[in-house]
Every structure is written in C-alpha cells, then in structure tokens.
Trainee: 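Structure provided below as structure tokens; questions to follow.
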Number of protein chains: 2
Amino acid sequence: MDESQLSDRQRQVLEAIRRLKQETDMPPTLREIAEAVGLKSVASAKYQIDQLKQMGWLDQIDNVSRGISFSDQGTRHQQEQEAAAESNVHLGNFVRVPLVGRIAAGGPILAEQNIDEWMTLPESLVGKGEIFLLKVKGDSMIDAAICEDDMVAVRVQKTAENGDIVAALLDDSATVKTFKQRDGHTWLLPRNSNYEPILGDEAQIMGKVVAVLRSL
Amino acid sequence: MDESQLSDRQRQVLEAIRRLKQETDMPPTLREIAEAVGLKSVASAKYQIDQLKQMGWLDQIDNVSRGISFSDQGTRHQQEQEAAAESNVHLGNFVRVPLVGRIAAGGPILAEQNIDEWMTLPESLVGKGEIFLLKVKGDSMIDAAICEDDMVAVRVQKTAENGDIVAALLDDSATVKTFKQRDGHTWLLPRNSNYEPILGDEAQIMGKVVAVLRSL
DNA sequence: ATTTGTTTCGAACATCTGTTCGCTTATTTA
DNA sequence: TAAATAAGCGAACAGATGTTCGAAACAAAT
C-alpha cells in the first residue's frame with residue numbers, strides 16, 4: 001500500500017475526506033466531496049471513491065448516506081498524516097470498555113443488557129481492538145497470577161494461539177483459561193494443580209486476555 | 001443542565017446516539033435511532049430529537065442526513081458520563097499518575113527526573129490520594145499474584161497496617177513487600193518461599209499498593 | 001491517425017433521510 | 001368527568017444522497 005501509486009486527484013480526495021470528517025464530525029457525502037475537490041459531477045466523485053475502494057484505501061456501505069470510512073490500511077496512513085501534522089499534541093488514547101456481567105450462550109456477548117458498567121482505560125494498557133472486561137470467578141488461574149475478583153481485559157477474537165490466556169464460553173458461563181491445541185483437540189488448562197484440564201472442543205473462544213487489573 | 005429533568009426515553013435516546021456514533025463512526029439517522037430505542041415511527045424519533053434540541057442537549061443541521069451532534073453542553077455531559085464510567089455509585093474522576101523509574105534515597109520520590117511517563121487511570125481503580133506507579137522487579141511477591149514487570153499503583157503514606165502490601169525504600173532501591181510489625185520491629189515479608197523476610201526498621205515506607213496492572 | 005484506457009460530465013433513477021400532518025393512546029391537570 | 005398535554009404512530013411528501021448509464025473530453029500508446 002504505497003502512497004506513490006496514488007494520482008494527484010486521488011490524494012486530493014483522500015485529504016478532502018479526512019478534512020471534512022474532522023470539520024463536521026461525520027463522513028462527507030459524494031456531493032460534498034465533489035465540491036471540495038472541484039469535480040462538477042457527483043458521478044465523478046463516485047468514480048474516484050470506487051477506485052479508492054478497489055485499491056483498498058476506503059470502505060463504503062452501499063446505499064448508506066455518508067457511508068464512507070477509511071479502511072484499516074487507509075486509517076494507518078491517515079494517522080501517519082495526522083501524527084506528522086501535529087506531532088507534539090499527544091492526545092492520550094483511551095478506550096471505553098464495558099464490564100460484562102451475566103453471560104448468555106448463543107446471544108451476542110456484548111449485548112446491552114449484559115453490561116454492568118463502563119470503564120475508560122488507557123490504550124497503552126489494553127491495546128487496540130474490541131475490548132471488554134470480565135470479573136474473574138474462582139482461583140483456577142492462581143498460578144498465572146490471576147486471582148478471584150481480578151478484572152481481565154479481553155480482546156475479542158475467535159481463535160487463539162497455544163499458551164494464550166483466553167476467555168471462553170462453556171455451558172452458559174464464562175471462564176478464563178490457558179488455551180492449548182493438541183492431538184486435534186482444544187484444551188482449556190487451569191493454572192492450579194487442584195483443577196483438571198477441560199476439553200474445550202465445544203467451547204466458544206470469546207477473546208484473548210490482554211491485561212489484568214486488580215484493586216486492593 | 002441537570003440530567004434529572006430528562007425522561008427515561010430521552011436518556012435512552014442520548015445514550016443510543018452516543019453508542020451508535022461510536023460504533024459506526026458517524027451520527028445515526030432518525031430511523032436508526034428509532035430502531036435502537038424501540039420506537040416504531042420515524043416521527044417519534046424526530047419528536048424526541050426536537051425535544052432534546054430545544055432543551056439544548058443536541059444540535060442538528062436541517063435537512064442534512066445524520067446531521068445530529070451533541071451541543072457544547074451535551075458534549076460536556078457526555079464527557080462527564082464517560083469520565084464517570086457510568087458506574088452506578090462512583091462518580092469517579094480520572095487520576096493522572098506518574099510511572100516512577102529510578103529511585104534515589106533521601107530525595108523526594110516524585111521528583112521530575114525520576115518520572116518516565118504518565119498514565120491516566122480511572123479513580124475507580126486506584127482510589128483517591130496521591131498515587132504513583134512502580135514497575136515490579138523480581139518475583140518475590142509471586143504468591144501474592146504480583147509478577148515481574150507488573151505495575152503497582154502506590155498511594156503515598158508513611159505508615160501501614162499489618163498485612164498491607166507496601167512499596168518501601170531500602171538501600172536506594174524500591175521494593176514491594178507485605179508489611180508486618182512484631183516485637184517492636186518492622187518486617188518486610190516476601191511472598192515467595194525462596195526469599196527470606198527482611199528487617200525493615202531502616203526502611204522508608206513510600207506507600208500502600210492499591211492496585212495491580214498487568215499488560216500481557 | 002487510430003486505438004485504447006482513463007477521467008469527467010450530465011441526466012435520470014432508486015433509495016435513504018428528514019419533515020409534516022392528522023390521528024390515536026396514555027398521562028396529567030383542571 | 002372533561003380538558004389539556006405528552007408521546008407515539010402511520011402515511012405521505014420533499015429533499016438529500018447513492019447509483020447507473022451513455023456520451024464526451026483527454027492522454028497515452030500503437
């Protein structure tokens with residue numbers, strides 16, 4: 001994804017989208033883009049958008065007004081732009097994460113009714129991605145230094161690597177265990193010699209534990 | 001601008017706008033709002049928006065799709081909401097805490113040259129008071145579920161109670177141990193059978209550990 | 001010069017979105 | 001009880017927005 005393969009017009013369009021989005025706090029319409037870069041037809045703007053979409057710079061939702069957004073790659077580039085433009089202003093990045101209470105199998109984990117409260121944490125602690133907090137029940141992970149009533153920050157992902165500490169859904173209840181695949185089976189390993197490994201073939205991986213928080 | 005004059009429905013609408021805006025990175029349409037809060041008519045959503053607009057909570061550009069934004073006052077309130085983390089009881093603020101690096105005996109612990117970086121944490125996690133962060137060296141507290149490279153939040157205080165986990169200054173280096181007074185002596189107890197208790201009569205108590213943070 | 005591909009334009013169209021209106025329902029007030 | 005107010009609904013309408021299509025302008029290559 002090299003910027004050098006962009007035409008002047010394409011750079012102009014990307015920059016206009018960034019600027020308009022910052023000014024109005026919402027993505028621009030095709031007509032707003034057309035006017036911003038001096039195109040006299042909406043179709044021309046759409047043509048440019050379609051090109052950038054195909055090149056992977058933009059995402060767009062069909063038939064949705066202002067449905068333009070930067071793709072992951074495009075976002076990365078935009079952030080570099082912004083960082084270069086205003087280098088000293090370090091706006092601390094924060095993530096607003098829900099503390100999930102009741103867990104119901106089947107339904108979406110992050111449904112509104114499951115959320116007890118919200119907490120805002122620095123991104124330096126939990127990283128990027130979709131994060132939620134889970135309160136730890138029991139002492140099955142004590143040898144991994146995770147105690148009862150600790151809060152774990154979980155980044156949503158469907159799979160995991162061997163050795164990752166994951167939050168998994170098993171029989172309507174969430175559990176935190178070490179993830180291990182072996183002999184074609186998935187195991188959820190407690191880190192406490194008083195507990196036995198759990199066969200996790202039927203378990204649903206909610207995400208990977210990326211941080212541990214404990215209030216004393 | 002008191003929140004108490006808001007009806008349940010109005011609170012619901014404000015919250016939905018905030019949530020949808022965060023999820024989609026653009027303000028919602030009236031129909032999206034209607035569906036989000038369970039209103040079956042677009043007109044009902046507009047009715048609510050008009051109310052909130054008149055009350056000064058929202059701004060809206062006429063005839064512009066997704067033209068809804070929080071007014072200055074509304075934004076202020078939203079930020080308070082976020083800062084408060086919507087916790088049911090705790091209207092906690094945020095605390096800006098320094099991560100202390102090098103420790104020098106004698107001098108003030110929180111001197112500027114000792115501070116590596118700053119982190120902003122929710123007060124619900126670390127509580128009130130003068131707080132600093134310390135990176136843990138070694139595994140002497142492993143049985144208290146505090147590992148090497150964990151960060152402990154320390155609330156500054158000169159004394160401690162038996163059983164408290166404290167940060168203490170001993171021979172120019174900071175250490176985290178369990179505090180115990182017995183037979184007129186102060187002991188700093190490691191929580192790892194490989195280590196021996198330390199006589200802490202000469203140690204300077206920096207403060208009490210009130211939280212543990214671990215990034216994985 | 002001809003061809004080819006890219007880009008722009010204008011217009012028509014389909015869909016989305018905001019607005020208005022009359023009517024109902026429930027709640028509050030007189 | 002009756003009137004008034006608040007809240008919601010459905011439908012129709014108008015304006016905004018995305019989409020499609022054909023034609024024209026333009027540049028580069030043959």
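Just so it is clear: chains get the letters A, B, ... in the order the sequence lines come, proteins before strands, and each one is counted from 1.
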Trainee: Does the side chain of B:Val176 reach to within under 4.5 Å of the side chain of B:Ile165, using non-hydrogen atoms?
Mentor: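 Of all side-chain heavy-atom pairs linking B:Ile165 with B:Val176, at least one is under 4.5 Å.
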
Trainee: To check you understand the geometry: which heavy-atom pair defines the closest contact between A:Phe179 and A:Glu161, and what is its length?
Mentor: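 Residues A:Phe179 and A:Glu161, closest heavy atoms: CD2-O, 3.3 Å.
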
Trainee: Nearest heavy atom decides the nucleotide; on that basis, is B:Gly38 or A:Ile61 closer to the 5' end of DNA chain D?
Mentor: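 Closest to the 5' end, via its nearest nucleotide, is B:Gly38.
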
Trainee: Looking at the side chain of A:Asn63, which of C:dT19, D:dT19, C:dC9 is the nearest nucleotide?
Mentor: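 Nearest to the side-chain atoms of A:Asn63, counting from C-beta on, is D:dT19.
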
Trainee: Expressed as a whole number of angstroms, how long is the span from A:Asp50:CG to C:dT8:C1'?
Mentor: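 Going from A:Asp50 (CG) to C:dT8 (C1'), I get 14 Å.
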
Trainee: Less than 4.0 angstrom between a side-chain N/O of A:Lys40 and OP1 or OP2 of C:dT8, yes or no?
Mentor: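 Answer no for this pair, as no side-chain N or O of A:Lys40 is under 4.0 Å from OP1 or OP2.
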
Trainee: Would you say C:dC16 has OP1 or OP2 under 4.0 Å from some side-chain N or O of B:Arg31?
Mentor: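 So the side chain of B:Arg31 is outside the cut-off, no N or O lying under 4.0 Å from OP1 or OP2 of C:dC16.
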
Trainee: Provide, to the nearest angstrom, the distance between the CD atom belonging to A:Gln51 and the C1' atom belonging to C:dT7.
Mentor: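 Spelled out: CD on A:Gln51 to C1' on C:dT7 is 9 Å.
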
Trainee: Counting only side-chain N and O atoms of A:Gln48, is one of them less than 4.0 Å from OP1 or OP2 of C:dC9?
Mentor: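 Indeed not, no polar side-chain atom of A:Gln48 lies that close.
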
Trainee: Can you figure out which of C:dT17, D:dT19, C:dC9 approaches the side chain of A:Ser41 most closely?
Mentor: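 Closest nucleotide among those given: C:dC9.
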
Trainee: Looking at side-chain heavy atoms only, is the closest gap between A:Asp149 and A:Val136 below 4.5 Å?
Mentor: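 When only atoms from C-beta onward are counted, A:Val136 and A:Asp149 do not touch, as no gap falls below 4.5 Å.
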
Trainee: Identify which nucleotide among C:dT8, C:dG18, D:dT19 has an atom closest to any side-chain atom of A:Val42, counting heavy atoms from C-beta outward.
Mentor: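 Nearest nucleotide to the side chain: D:dT19.
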
Trainee: In the structure I gave you, are the side-chain heavy atoms of B:Arg214 and B:Asp150 within less than 4.5 Å of one another anywhere?
Mentor: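 B:Arg214 vs B:Asp150: side chains touch.
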
Trainee: Atom CG of B:Leu30 to atom C1' of D:dA14: distance rounded to whole Å?
Mentor: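 That distance rounds to 15 Å.
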
Trainee: Tell me what B:Ser44 touches on the nucleic acid: a base, only sugar-phosphate, or nothing, going by heavy atoms under 4.0 Å.
Mentor: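 Answer is base: heavy atoms of B:Ser44 come under 4.0 Å of a base.
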
Trainee: For A:Val166, does its backbone N or O pair with a side-chain atom of A:Asp164 as donor and acceptor, under 3.5 Å?
Mentor: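 Side chain of A:Asp164 to backbone of A:Val166, a donor-acceptor pair under 3.5 Å: no, none is there.
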
Trainee: Just the rounded figure in Å: distance from P of C:dC16 to CD of B:Glu35.
Mentor: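 Roughly 13 Å, once rounded to whole Å.
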
Trainee: For B:Glu32 and C:dC16, give me the distance from atom CD to atom P, rounded to whole Å.
Mentor: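 Nearest whole value for this atom pair: 11 Å.
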
Trainee: Which nucleotide in the list C:dG10, C:dT8, D:dA6 gets nearest to the side chain of B:Tyr47?
Mentor: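 It is D:dA6.
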
Trainee: Would you mind reporting whether A:Ile61 and B:Met26 have side-chain heavy atoms less than 4.5 Å apart?
Mentor: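 Yes; the side chains approach each other to less than 4.5 Å.
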
Trainee: Nearest-Å distance, CG (B:Asp62) to C1' (C:dT20)?
Mentor: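 Those two atoms, CG and C1', are 13 Å apart.
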
Trainee: Find which nucleotide of DNA chain D each of B:Ala43 and B:Val64 is nearest to by heavy atoms, and output the residue with the more 5' nucleotide.
Mentor: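 Closest to the 5' end, via its nearest nucleotide, is B:Ala43.
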
Trainee: Distance check needed: D:dA7 C1' versus B:Ile49 CD1, whole Å only.
Mentor: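 So the two atoms are 14 Å apart, to the nearest Å.
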
Trainee: For D:dT19 and A:Gln60 - does any side-chain N or O of the residue sit under 4.0 Å from the phosphate oxygens OP1/OP2?
Mentor: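 Yes, such a contact exists.
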
Trainee: Within the modelled atom types, does a donor on one side and an acceptor on the other bring the side chain of A:Ser65 and the base of D:dG18 under 3.5 Å apart?
Mentor: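 Under the 3.5 Å cut-off, the side chain and the base do not form any donor-acceptor pair.
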
Trainee: Please determine, for the side chain of B:Leu39, which listed nucleotide (C:dG18, D:dC9, D:dA7) has the closest atom?
Mentor: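 The answer is D:dC9.
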
Trainee: Compare side-chain N and O positions of A:Lys46 against OP1 and OP2 of D:dT19 and report whether any pair is under 4.0 Å apart.
Mentor: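 Indeed, a polar side-chain atom of A:Lys46 lies that close.
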
